[in-house]
Amino acid sequence: MSLFLIVALPFLGALLPGLMNSAGRAACAGVTFTFSLAAFIGLLSHAPTVFAGGVVQTGVDWMPLLGLNFHLMLDGLGFFFALLILGIGLLIITYARYYLSRKDNMGEFFTYLLLFQGAMVGIVLSDNILLLLIFWELTSLSSFLLIGYWKHLPEGRQGARMALAVTGMGGLAMIGGMLILGQIVGSYDLSVILQNREMIQESPLYLPALILILLGCFTKSAQFPFHFWLPHAMAAPTPVSAYLHSATMVKAGIFLMARMWPVLSGTTEWFVIVTTAGLITMVLGAVIGLFKHDLKALLAFSTVSHLGLITMLLGTGTAFGAMAAVFHILNHATFKAALFMSAGIIDHEAHTRDIRRLGGLRKLMPVTFVIATLASLSMAGIPFLNGFLSKEMMLEEALHTTLFGSPWLVPVMATVGALFSAAYCFRLIGHTFLGPVRDDYPATPHDPGFGMWGPPALLVVLVVVIGSAPFLAEPFVKMVTGSVLGTAAEVPKNYLKIWHGLVPALYMSVAAVVGGLIVLALFKPLLRAWDATPRPEAKVIFDALIAGCVGIARAVIHGVHNGAFSRYAAIFAIAVVAAGYHAWTTGTIAAPTRTVQPVDPVSIGGWLMLVVATCGLVFLHRNRLLSLILIGIVGLMVSVAFVYFSAPDLAMTQITVEVVTIILLLLALNFLPNQTPVESTVLRRVRDGGVAVAGGLATMAMAYHYLLRDAVTTPISEFHLANSYKGGGGTNVVNVILVDFRGFDTYGEIIVLGIAALLIYALTETLLNGPVRARLLNRLPDQPRAGDMHPMMMVVLTRVIMPVVLMVGFYIFLRGHNEPGGGFIAGLIVSIAVVMQYMASGFSWASARLRYPYHGVIGAGVLIAGLTGIGSWFVAKPFLTSDFTYVRIPPFEKFELATAALFDLGVFLAVVGAVMLSLESFSRLARRAHVEDSDHPMDIDPSRELNQEGV
Amino acid sequence: MELLVASAIGILTAAGLYLVLRLRTFPVILGVSLLTYAVNVFLFSSGRLKVGAPPILSDATNYTDPLPQALVLTAIVISFGMTAVVVMIALGSYLGSNDDNVNDPKIETEEPEDLI
């Protein structure tokens with residue numbers, strides 16, 4: 001099976017459970033299981049290659065210029081982790097099916113679980129570190145969803161947020177580290193990076209890259225001082241804890257350290273940072289874990305401790321350490337997942353996981369007892385169970401490690417860690433299962449069905465098999481170790497075996513187990529001492545830190561964003577002018593290359609009208625109706641300028657838009673006050689005037705300067721002019737650009753226009769269905785109404801004119817490809833024709849004759865334009881490739897048929913729909929305000945009165 | 001001629017900016033419309049000014065730059081859509097609160113409930 005499919009299967013499967021919720025719990029779990037199983041089988045199909053030492057690679061380029069390629073690689077290490085993720089995933093899915101109660105939304109749970117699974121598989125199979133980062137972030141996000149799955153629990157939400165904050169910050173750091181790494185090597189492909197050990201370690205950027213990457217790994221794998229989030233994440237449902245927080249996600253950091261081991265390890269920096277962090281985490285986690293009363297909290301801290309152990313082993317930088325780490329990852333995944341599931345069973349059946357309320361479960365839950373005990377003993381390091389083997393290797397490795405110049409520091413700390421580890425394991429067995437049967441359990445404990453104890457039992461079988469016959473696991477462990485080490489070191493010759501003789505590691509192991517028993521015997525006084533010792537509480541510190549950040553952010557936002565919008569606008573204007581001024585003074589200005597064109601009286605006249613109207617607008621803007629007339633003059637003069645400077649299309653567009661804009665503003669003014677009150681002080685007006693004059697001068701200077709200079713390079717317009725007729729079949733270059741060369745832009749623009757119209761419609765609906773409705777209905781018009789609201793002259797005239805205007809619109813549309821015109825202008829003209837009917841004959845009359853809703857017209861326009869574009873796919877051309885031909889149908893002249901015309905039809909419809917929907921929405925507000933709106937087109941209609949008399 | 005166009009752009013911008021800085025919604029909308037004119041003419045003039053050379057292919061050899069025209073054409077139509085949306089928002093806020101002030105009346109200083 002292709003590696004792509006292995007990664008994709010969980011993601012594809014994630015679509016289903018959420019949708020299948022109504023199909024039942026079994027169906028949700030079934031489909032999740034099927035997809036995971038398919039990926040699992042796909043993975044196993046590569047086993048022969050991987051065991052033979054081969055590497056399966058596949059990939060497509062995604063964004064090659066960024067170095068981000070979808071390259072996947074399956075080697076021993078990736079195979080090992082993918083096996084853990086998918087294999088334990090299958091067990092967890094089975095377990096979760098029976099664990100979740102009927103109240104829980106199972107589809108949602110499995111959707112999140114599959115998302116997570118896919119992201120994890122993606123991490124371990126990525127052959128590109130940028131791709132790896134994407135999957136890395138995906139695991140943070142999906143684990144956030146899983147931890148917070150029980151949304152009703154505040155601990156769940158807080159735990160999820162904390163986990164996201166910590167791992168997310170680590171992820172950010174790691175992005176930085178990975179980018180530096182990629183810069184050093186010059187490639188983001190892992191297989192290339194892993195070949196460049198010397199180049200990376202000699203680089204001056206090695207240390208920053210190392211620290212940033214380790215920050216990512218340590219946060220993810222809950223290493224000191226970031227260990228605190230993991231216990232809080234235990235608010236998640238137990239299957240999540242078992243899956244994410246024992247076997248998979250927290251191992252992602254470990255995985256990455258192992259993956260990067262060949263290029264990053266072996267230096268003093270690596271050794272000191274990683275070993276120290278691992279050692280502290282191991283001891284700290286074990287000590288805290290011992291005193292936790294919540295089974296899951298105890299297991300969480302034991303996980304922290306064991307992750308520290310693995311980290312320390314990777315930190316030593318020796319091949320033997322790496323092998324021990326690999327072996328312990330495998331062993332830990334088996335016994336810890338089994339233990340979490342056992343804890344879940346106890347919680348599920350006894351309704352508590354507080355050790356102080358348990359005890360004596362041995363007789364009530366014999367199956368669970370056997371499973372949990374074997375797993376715990378393995379974790380404690382008892383012979384014939386797999387935990388013993390890797391713990392021996394860890395102690396052996398510790399004996400040969402000298403940290404901070406002291407040969408005994410690491411061995412002693414390692415033994416202490418192992419001692420406390422043994423102690424909490426014994427406490428787990430002793431205080432939960434042994435002892436007398438109690439009569440005050442919250443519920444009567446009993447063994448669950450096979451569905452719940454089967455998965456952990458299977459894992460415990462592995463614990464025992466590997467523990468008693470380590471030679472079975474040896475080839476696998478060595479194969480994985482080989483791929484961790486890469487070319488950096490040889491796989492150690494040591495055998496995995498139970499009896500190594502009377503070596504120091506054995507004494508340390510015995511000391512740890514015996515010490516553990518002694519600690520447990522002294523547990524009560526130790527607990528009193530522990531409770532009396534003041535300790536920093538991580539959650540309190542974390543919350544205070546977050547509260548501090550929120551406080552700073554809030555202070556900044558309230559200071560800067562204080563709701564004075566005019567102030568923002570002024571600041572923005574000043575900033576832009578200042579930036580322009582800086583560029584002006586620091587840059588060089590070329591000499592003018594164009595001659596100034598002569599001025600004629602007509603243009604001076606136009607200019608004067610524009611300037612007078614604009615200045616009048618500034619001084620008379622308080623009279624709102626007058627200012628509409630003035631802005632109309634400005635618009636008219638701008639259109640005239642467009643005509644004058646050879647832009648007929650623009651002029652036609654501007655003048656038609658002007659008409660609809662003025663109608664729109666008039667409709668709005670119907671509801672707004674007619675006067676703007678004098679509010680601002682003289683000082684303020686002077687200040688605003690200063691800002692305005694500065695902005696105006698700046699734009700004027702810029703416009704004047706470039707108008708006198710030619711473009712530095714030949715504009716691409718030359719291409720458009722040369723190819724408009726040959727390639728696009730039209731002589732109106734502007735229209736050919738719109739519908740052909742830049743058709744995709746136009747397509748986007750009509751969509752934007754449609755969205756704007758729909759937004760207006762939605763806002764109108766909201767207003768009319770809210771409290772505003774009553775106000776509108778009760779509102780009295782502030783202006784005297786015309787006695788004849790629908791004058792007969794106007795009604796008759798607009799009706800007579802309608803076909804003519806439509807014909808003009810049609811003509812403008814048709815000629816658009818070759819002469820000034822086209823879909824935009826035609827759409828505006830037709831809209832005006834329709835609006836005239838509304839204005840003359842009234843809203844009710846007009847809308848009763850509306851055959852197609854304007855939303856549909858917009859949709860049809862976008863659809864036609866889109867389908868025209870898609871049409872070119874059928875002839876194997878890119879989207880929106882146009883074609884045209886000339887046909888002759890007697891008795892007509894030869895004429896042109898172009899697909900661009902079809903696209904322009906889409907533009908036309910979208911414009912008509914958008915303009916009409918906007919104006920119609922405004923007038924709907926008006927209609928609600930004056931309920932006396934007549935259903936008849938004319939208030940005085942002689943024919944109607946005649947008919948009524950006839951009746 | 002260049003100076004006429006440049007000064008027209010400058011005056012439109014200045015008037016637009018002044019109106020945008022007013023305190024009521026309606027003059028702000030007018031100001032934005034003036035700024036739209038200014039920006040459109042500015043973009044259009046980036047094709048440099050040519051009289052009597054429309055980009056309609058014929059026997060002539062001298063055409064003005066068609067590309068800024070195409071860009072401005074859609075910009076005009078889009079600016080209508082934008083104006084309409086802004087007017088609608090202004091109208092909704094006035095009808096909802098009977099106040100057409102641009103600036104927020106007061107700043108909400110009380111601490112929002114912590115999202116736990």
Side-chain angles (χ1 to χ4, degrees), chain A residues 154 562-566 569-570 573 596-597 599 607 610-611 614 618 621 624 627 631 638 645-650 653-654 657 661 664 668 671-672 676 679 688 692-693 695-696 699-700 703-704 707-708 715 717 720-721 725 731-734 737-738 749 753 756 759-760 763 767 772 824 918, chain B residues 1-4 6-15 17-21 23-24 26-27 30 33 37 41-42 45 48-57 63-67 69-70 72-74 76-78 80-81 83-85 87-88 91-92 94-96 100 102-104 107 116:
Chain A
N562 63 355
F565 285 84
S566 342
V596 177
Q597 296 180 43
V599 180
W607 181 83
L610 184 117
V611 171
T614 312
V618 169
H621 77 267
R624 293 182 171 182
S627 56
I631 206 163
V638 170
F645 293 114
S646 329
D649 287 276
L650 285 192
T653 316
Q654 182 72 62
V657 164
T661 309
L664 180 105
F671 302 97
L672 291 169
T676 307
E679 280 176 314
D688 292 347
V693 169
T699 38
M700 177 179 155
Y704 185 63
L707 279 176
L708 290 182
S717 316
H720 293 143
L721 284 167
Y725 187 70
T731 53
N732 180 1
V733 187
V734 174
I737 291 177
L738 284 176
E749 271 149 12
L753 197 63
L759 179 62
I760 291 167
L763 284 170
L767 283 179
V772 170
F824 276 111
S918 316
Chain B
M1 185 67 83
E2 273 76 5
L3 191 62
L4 281 190
S7 59
I9 294 172
I11 290 166
L12 285 173
T13 312
L17 273 178
Y18 182 77
L19 289 180
V20 163
L21 296 177
L23 296 173
R24 300 285 171 151
F26 198 76
L30 292 180
S33 300
Y37 290 130
V41 176
F42 182 83
S45 65
R48 307 304 186 275
L49 303 177
K50 261 186 196 171
V51 181
I56 312 292
L57 297 181
Y63 302 107
T64 187
D65 192 341
L67 192 60
Q69 294 195 16
V72 171
L73 198 152
T74 50
I76 294 172
V77 181
I78 291 280
F80 163 74
T83 310
V85 171
V87 169
M88 190 69 227
L91 199 58
Y94 176 68
L95 291 175
D100 63 344
V102 173
N103 294 338
D104 285 350
I107 303 154
I116 323 177

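Chain A is the first sequence line, chain B the second, and so forth, proteins listed ahead of strands; every chain is numbered from 1.
Put simply, OG1 on A:Thr699 and CD1 on B:Ile11 are 10.0 Å apart, with the number rounded to the nearest 0.5 Å. Separating the CG atom in A:Asp688 from the CG atom in B:Leu21 is a distance of 4.5 Å, to the nearest 0.5 Å. Note that the CH2 atom of A:Trp607 and the OG atom of B:Ser7 stand 5.0 Å from one another [nearest 0.5 Å]. A distance of 3.5 Å separates OG1 of B:Thr74 from CD of A:Glu749, quoted to the nearest 0.5 Å.
For the set B:Leu12, B:Leu3, B:Thr83, B:Ile9, the entry with the most heavy-atom pairs within less than 4.5 Å of chain A is B:Leu3. Note: A:Ile760 leads A:Val657, A:Ile760, A:Leu738 in heavy-atom pairs under 4.5 Å with chain B. Of the listed residues (B:Asp100, B:Val102, B:Val41, B:Val77), the greatest number of heavy-atom pairs within a distance under 4.5 Å of chain A belongs to B:Val77. Put simply, of A:Ile737, A:Leu759, A:Leu650, the one with the most heavy-atom pairs under 4.5 Å next to chain B is A:Leu650. Considering only heavy-atom pairs separated by less than 4.5 Å from chain B, the leading option among A:Ser566, A:Ala703, A:Ala756 is A:Ser566. When A:Pro715, A:Ala692, A:Ser918, A:Pro648 are compared by the number of non-hydrogen pairs under 4.5 Å with chain B, A:Ala692 comes out ahead. Of the listed residues A:Leu763, A:Val599, A:Ile631, A:Thr661, the one with more heavy-atom pairs under 4.5 angstrom with chain B than any other is A:Ile631. When the candidates B:Ser33, B:Pro27, B:Gly81, B:Pro66 are compared by the number of heavy-atom contacts under 4.5 Å with chain A, B:Pro66 comes out ahead.
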Full working for side chain to side chain contact (heavy atoms under 4.5 Å, CB included) between B:Phe80 and A:Thr653: CA-CA 11 Å; B:Phe80 163 74; A:Thr653 316; over 6 Å; no
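Using a 4.5 Å heavy-atom cutoff, the side chains of A:Phe565 and B:Leu23 are not in contact. By the 4.5 Å heavy-atom criterion applied to side chains, A:Met700 and B:Thr13 are not counted as neighbours. Between A:Val596 and B:Met1, every side-chain heavy-atom pair lies at or beyond the 4.5 Å cut-off. Contact annotation: the side chain of B:Tyr18 never approaches that of A:Val693 to less than 4.5 Å [non-hydrogen atoms, C-beta and beyond]. Between A:His621 and B:Phe26, every side-chain heavy-atom pair lies at or beyond the 4.5 Å cut-off. Inter-residue side-chain proximity for B:Val87 and A:Leu664 is flagged as met; some heavy-atom pair is nearer than 4.5 Å. Between A:Gln597 and B:Leu49 the shortest side-chain heavy-atom distance falls below 4.5 Å. In this structure, B:Ser45 and A:Phe645 have side chains that are not in contact, with every pair of non-hydrogen atoms separated by 4.5 Å or more.
Interface residue A:Leu721: backbone and side-chain heavy atoms are both found under 4.5 Å from chain B. Heavy atoms of A:Phe824 lying under 4.5 Å from chain B belong exclusively to its side chain. Proximity to chain B (any heavy atom under 4.5 Å) is shown, for A:Ala569, by both the backbone and the side chain. With a threshold of 4.5 angstrom between heavy atoms, A:Leu767 approaches chain B through side-chain atoms but not through N, CA, C or O. B:Leu30 touches chain A through backbone and side chain together, each having a heavy atom under 4.5 Å away.
Residue B:Leu67 comes nearest to A:Ser717 through the heavy atom pair CB-OG, 3.5 Å, listed as atom of the first residue, atom of the second, then distance. Counting all heavy atoms, side chain and backbone alike, A:Gly695 lies closest to B:Leu17 at CA-CD1, 3.7 Å. When every heavy atom of B:Arg24 is checked against every heavy atom of A:Glu679, the shortest pair comes out as NH2-OE2, 2.7 Å. Scanning both residues, B:Tyr94 and A:Phe671, for their nearest heavy atoms gives CE2-O, 3.1 Å. Residues B:Ala15 and A:Val618 come closest through the heavy atom pair CB-CG2, 3.5 Å. Between B:Pro55 and A:Val734, the shortest heavy-atom distance links the atoms CG-CG2, 3.7 Å.
A donor-acceptor pair shorter than 3.5 Å cannot be found between the side chains of A:Ser646 and B:Thr64.
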